[in-house]
Every structure is written in C-alpha cells, then in structure tokens.
Novice: 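Take a look at this one; I'll ask things after.
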Amino acid sequence: MSDTQATPLRRQPVQRRSARRVEQMLDASAELIDEVGYESLTTTLIAKRAGVAVGSLYQFFPDKRAVVQALTQRNLDRFMAAVSERLAREDPHHWWDVVDSILDIYLEMHRSVPGFSKVHFGDVVDRQLLDDSRDNNKVIADALTDLVRKYIETPGEKLPLAITVAIEVADALLKLAFHRDPDGDPEIVEETKQLIKGYLAGRLGE
C-alpha cells in the first residue's frame, strides 16, 4: 500500500499465502465491478469469485468499500509506478512529453485494467476514498507534482495548482471521451491533450 493514506486493511497479510489471497480478492472485485457495478457488488460475490470463504475476506476487510478502497489504491500505485518508469526511461526534456506520457498511461489503464473504467480513482464510491483529508484528484495531483518536479524546470509555487487544474479538466473530458466510445473517443482525447498543453503553456511557459 502507498503511504498516501491509512490502509483499509483490518490487518496486513504477513505470510505470502495471505498476501496472495488478498490479491485474489482485489482481482475478483475488479472483475465483478466490470460485470455488475459497484452498487451490486457484495462481499459474498467477491469471496466466491476469489475462491475464499467470506470469513477469510472479513479477516482483512470490514466491508466491500474497504475492498474497493484497497483496489483503488493498488491502481494508483501501479499508475504512479508506470508514470515514474516511463519518465525515467524516456527522460523527457519538455513538459509536453510528460503530459503525453501521463495521459497515455491513464488511457491504457482505462482500456485494459479490470474495474478501472467503472471506478477510476474512487469518485464513484467516495470523493475521498483514497485519503480522508483530500479528495481523490488532489491525492493524484500531489503525487504527480512530487514526481514531475524532477523533469520540469518551473517556478515551484506554480506547479501544484497548475497540475491540480489540469487533472480536473482532463478527468472531466476523458469521462466524456469514454462515454462516447468505450475505447475513448480519439478526437476528444486529442482535444484534451491540446487543451491541457495550452493551459500549462500559459502557466508554466513554453
């Protein structure tokens, strides 16, 4: 789990077998969210799909919200790891390339990661699912700000707000893109990239 929040787990799995069982529960919840949605998801369904007893699930999670909270945190951790790995590999020299990398990874997760297209980073469940003191997009903005500072030379005080606004705009437009096309309407995706770049150019400079 990331240190961006208190873990939703009742207890941390110590043995490898227990950790694997928790991963099975998260994988099962992701599959079921795609099939029945969050509202129809139950701990009984999750346990059955994961091949564990309901009592085993309750050893680690108090309810379905906690399961999906852990799933969402896992998705955020994987998203940040993918962004970090790509930026380190490509060593971008312009923030435009950083924007493309971040949005491309988000789009790929939306298309390929089970459950992600329905829950995203948690707003469907709770706007503060990832952290009790910050909304979900703020958690993402803070994490990206810390990461992006390594690659973008810009006055530090401008970057956090610029990234926060960019994320809110991108979030709204990409929801529209996927509403119109399950794979993301390519024209809206491209417009989103151009709009974000135009906004950031005005805040961070060319």
Novice: Pick from Asp104, Ile196, Thr192: which one makes a side-chain contact (heavy atoms from CB on, under 4.5 Å) with Val99?
Specialist: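 Exactly one option meets the side-chain contact (heavy atoms from CB on, under 4.5 Å) with Val99, and it is Ile196.
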
Novice: How about Glu85: does its CD atom have over 12 heavy atoms from other parts shown lying under 6.0 Å from it?
Specialist: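 More than 12 within 6.0 Å, yes.
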
Novice: Show your working on side chain to side chain contact (heavy atoms under 4.5 Å, CB included) between Val124 and Val68 and close with a plain yes or no.
Specialist: CA-CA 10 Å; Val124 171; Val68 178; over 6 Å; no

Novice: Looking at Glu108, is its backbone amide N or carbonyl O close enough to the side chain of Ser112 to form a donor-acceptor pair, meaning the two atoms are under 3.5 Å apart?
Specialist: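 Looks like yes, one N/O pair under 3.5 Å.
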
Novice: Nearest 0.5 Å, please: how far is CD1 in Ile163 from CG in Leu200?
Specialist: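 Those atoms lie 7.5 Å apart.
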
Novice: Can you tell me how far apart CG (Asp181) and CG (Leu176) are? Round to the nearest 0.5 Å.
Specialist: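 The CG atom of Asp181 sits 11.0 Å away from the CG atom of Leu176.
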
Novice: Please tell me if the side chains of Asp97 and Glu90 come closer than 4.5 Å, counting only heavy atoms from C-beta onward.
Specialist: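 No; the side chains remain at least 4.5 Å from each other.
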
Novice: Step by step, would you call Phe116 with Ile33 a side chain to side chain contact (heavy atoms under 4.5 Å, CB included)?
Specialist: CA-CA 9 Å; Phe116 189 80; Ile33 287 168; over 6 Å; no

Novice: Quick one: does Lys118's side chain have a donor or acceptor within less than 3.5 Å of a partner on Asp34's backbone?
Specialist: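 Flag set: sc Lys118 to bb Asp34 pair under 3.5 Å.
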
Novice: Please determine whether a side-chain nitrogen of the Lys or Arg among Arg49 and Glu35 lies less than 4.0 Å from a carboxylate oxygen of the Asp or Glu.
Specialist: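 Salt bridge flag = yes for Glu35 with Arg49.
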
Novice: Exactly one of Asp126, Leu130, Asp131 should register a side-chain contact (heavy atoms from CB on, under 4.5 Å) with Gln128. Which one does?
Specialist: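 Of the listed options, the one satisfying the test is Asp126.
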
Novice: Between CD1 of Ile140 and CD of Glu168, what distance do you get to the nearest 0.5 Å?
Specialist: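 Going from CD1 on Ile140 over to CD on Glu168, the span is 9.0 Å.
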
Novice: At their closest point, which heavy atom of Leu103 faces which heavy atom of Lys193, and how far apart are they?
Specialist: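 Taking Leu103 first and Lys193 second, the nearest heavy atoms are CD1-CG, 3.6 Å.
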
Novice: In plain terms, say whether Lys197 and Asp100 are close enough for a salt bridge, that is, a side-chain N and a carboxylate O under 4.0 Å apart.
Specialist: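 So Lys197 pairs with Asp100 through a salt bridge.
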
Novice: May I have the step-by-step check of side chain to side chain contact (heavy atoms under 4.5 Å, CB included) for Leu173 and Glu191, ending in yes or no?
Specialist: CA-CA 9 Å; Leu173 289 175; Glu191 286 294 304; over 6 Å; no

Novice: Does Arg111 CZ have over 12 foreign heavy atoms under 6.0 Å away?
Specialist: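 For Arg111, atom CZ is crowded (more than 12 foreign heavy atoms under 6.0 Å).
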
Novice: Quick one: CG on Asp27 to CD on Glu31, what's the gap to the nearest 0.5 Å?
Specialist: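 Answer for the CG-CD pair, Asp27 versus Glu31, is 6.5 Å.
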
Novice: Phe178 vs His110 aromatic rings, parallel, tilted or perpendicular, using cut-offs 30° and 60°?
Specialist: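 Parallel.
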
